[in-house]
Amino acid sequence: MSYENSAAALFRKTALHVLTRPVNLALYWLSWHYLCALCRYGQPGRNLPVLAACLLWWLGAIGYGLWLWGRYKKGRCPVVFRRLLVREKGLVLAGTAQREEAGDAAGDAEPTKTVKGDGTRKALGESAVKWYVKRRRFCQFFLEGKEVVLLDLSGFTGEERDFLDVKLSAARPLGKGFWRAAAGIFLAAVTLQGGWMAVQSAIPYRGKLAWYLDDLKNKRTCTLEHDNIYEYGIEGILEDVRQKVDLPEELCLVNGFGLEFGPDGRILALDAMFRGFDGEGNFVDSYLIGYNRAQSGKLTIYLHGAAEAPYDESRALGPLAEAMEVMPLRETVEEWEGEQSFGILYYGVRDWYSPEGIRLLSGDGDWQLPRYGEYSFSGYSISVFCPENDDLTPVRYIWTERAWP
């Protein structure tokens, strides 16, 4: 076997030896298969363990190939290639005398073989080996011209055997040009198909990867630290949102503001969507806020969810925040003794045509019932109700900034 004093040559041989193994080809396809499944369907519990195992395998294979290449570059294993010296009739030297002759050839640029008859020597290259049989203690080579060479492996170390295996890979069917060409086509086809499927999964609404990328762009999360509606009101929630999002000056609702809380004031759930406007009334962005204490302690904010629209004063969020600062919320829910959850619902300005549940709330926190015979009401309305008991009439506070005379 010729000793090529070239790190690039062995690097190429080692890379081809690793990449074109059938088991590595199968694992390459398996890696792309589960990666595409993860991008398309998610299911990390099913796909990630297989991908992790494949990753460990590839790291081991790459590390092993680089280790072999590094050892070769340092010149620590050239003896493997210099031992393959053959005598007349194709028999390799064995025993002490043969090892000495092999040592005499160590100074040559390439190991040589004695050609029958004229006593000259020439290099025995990998291409000269048509086939071989490798056993634990010896290796038998079948050369061109019907020559047979025996190599004694009894004195080879494990490291030397590894290098011999790499050099002999060119003589195997899996090391031939047609196999490596087919393996290269297979690797390219798998890479192109897997890449195309992964890209398709990133297109909106076509895969889990698309939703992940969308969340990365439009989703923010933060801890709801001001989670007691009695103590912090609506401003406490907005203060936590501002940790992740730069809220503009003016906010108005897209739909409604819904909040559920317990008897102690702890917020249990929240759902609201509003548009933001700057001081000049220009649309900035929309914000969808969600929270569910039973599922997570995180407040989620989704951006860019609503189309641009003009500012609507009748749906302004500011009156709700101001009313919650003075509204006797704790005293209101204490009237429903025994209930385990309560809700707040706000849509902005609403019209009512019945005095049932109506309470008129002033700017200083005082409230009063409607006057006798009054049936029509309109204003910023905050409804307090029991979501688990429809028999209880909600209390509807109608907010006005002015104080009672």
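What you are looking at is a predicted structure, and each value in this text was computed from that prediction instead of being measured.
Here the shortest heavy-atom pairing between Cys386 and Phe342 reads SG-CD2, 3.8 Å. The minimum heavy-atom distance between Val284 and Pro248, with the atom names listed, is CG2-CB, 4.1 Å. Scanning all heavy atoms of the two residues, the minimum distance from Ser314 to Tyr380 falls at O-CE2, 3.7 Å. Counting all heavy atoms, side chain and backbone alike, Asp240 lies closest to Cys222 at O-SG, 3.4 Å. The two residues Pro328 and Gly365 make their nearest non-hydrogen contact at CD-O, 4.3 Å. Heavy-atom minimum distance, Pro319 versus Trp399: CB-CD1, 3.8 Å.
Counting non-hydrogen atoms of neighbouring residues, nucleotides and ligands closer than 6.0 angstrom, the CD atom of Glu331 exceeds 12 such neighbours. Counting heavy atoms of neighbouring residues, nucleotides and ligands inside a 6.0 Å radius, atom CZ of Phe377 exceeds 12 of them. Other residues, nucleotides and ligands contribute over 12 non-hydrogen atoms within 6.0 Å of the CD atom of Glu231. Residue-environment remark: OH (Tyr311) exceeds the threshold of 12 foreign heavy atoms within 6.0 Å. The local environment of CD in Glu356 is sparse, with at most 12 non-hydrogen atoms from other residues, nucleotides or ligands closer than 6.0 Å. Within a 6.0 Å radius of OH in Tyr41, other residues, nucleotides and ligands contribute 12 heavy atoms or fewer.
Below 30°, between 30° and 60°, or above 60°: for Phe274 and Tyr287 the angle between ring planes is between 30° and 60°, a tilted geometry. Ring orientation note: the planes of His226 and Tyr232 are nearly perpendicular, at an angle over 60° on the 30°/60° scale.
The closest donor-acceptor contact from the side chain of Tyr230 to the backbone of Pro263 lies under 3.5 Å. Although no hydrogens or angles enter the test, the distance criterion places no donor-acceptor pair under 3.5 Å between the side chain of Asp215 and the main chain of Lys219.
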Test ring-ring contact (aromatic ring centres under 6.0 Å, His included) on Trp211 and Tyr205 and set out the steps.
-> CA-CA 7 Å; Trp211 291 108; Tyr205 311 110; 5.6 Å; yes
Atom pairs and distances, side-chain donor-acceptor, residues 190-203, under 3.5 Å, sequence neighbours left out:
residue, atom, partner, partner atom, Å
Thr191, OG1, Tyr28, OH, 2.5
Thr191, OG1, Leu187, O, 2.7
Gln200, OE1, Arg206, NH1, 2.7
Ser201, OG, Met197, O, 3.0

Throw together a table of side-chain donor-acceptor distances under 3.5 angstrom for residues 46-55, partners on residues two or more places apart or in other chains.
residue, atom, partner, partner atom, Å
Asn47, ND2, Gly42, O, 2.8
Asn47, ND2, Gln43, O, 3.3

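Between the CD1 atom of Ile301 and the CZ atom of Arg220 there is a distance of 9.0 Å, given to the nearest 0.5 Å.
Looking at Val333 and Phe261, their side chains come closer than 4.5 Å, going by heavy atoms from C-beta outward. The shortest side-chain heavy-atom distance between Ile382 and Leu320 falls under the 4.5 Å cut-off. Looking at Leu299 and Ile289, their side chains come closer than 4.5 Å, going by heavy atoms from C-beta outward. Counting heavy atoms from C-beta on, the side chains of Phe385 and Leu392 never come closer than 4.5 Å. Counting only heavy atoms from C-beta outward, the side chains of Ile398 and Arg359 never approach each other to under 4.5 Å. The side-chain heavy atoms of Asp214 and Pro204, taken from C-beta on, include no pair separated by under 4.5 Å. Under the 4.5 Å side-chain criterion, counting only non-hydrogen atoms from C-beta, Val254 is in contact with Arg275. Residues Leu253 and Leu317 have side chains in contact (heavy-atom distance under 4.5 Å, counting atoms from C-beta outward).
Aromatic rings of Trp352 and Tyr375 (six-membered ring for Trp) have centroids beyond the 6.0 Å cut-off, not under it.
Arg242 and Glu239 are not joined by a salt bridge, as no carboxylate oxygen comes within less than 4.0 angstrom of a charged side-chain nitrogen.
Considering only residues two or more places apart in sequence or on other chains, Thr221 meets the side-chain hydrogen bond (donor to acceptor under 3.5 Å, both in side chains) condition with none of them. For Arg350, the salt bridge (charged side-chain N to carboxylate O under 4.0 Å, His left out) criterion is met by no residue, not counting sequence neighbours. Partners of Asp227 by salt bridge (charged side-chain N to carboxylate O under 4.0 Å, His left out), not counting sequence neighbours, listed by chain and number: Arg266, Arg293.
Residue pairs meeting the salt bridge (charged side-chain N to carboxylate O under 4.0 Å, His left out) criterion with at least one partner in residues 245-264, sequence neighbours excluded, do not occur; the list is empty.
A donor atom on one side chain and an acceptor atom on the other are not found under 3.5 Å apart for Ser286 and Tyr302. Side-chain atoms of Trp336 and Asn389 form no donor-acceptor pair, as typed in the model, at a separation below 3.5 Å.
Considering Trp57, Trp29, Trp58 as possible partners of Asn24, the one that fulfils the side chain to side chain donor-acceptor pair (under 3.5 Å) test is Trp57.
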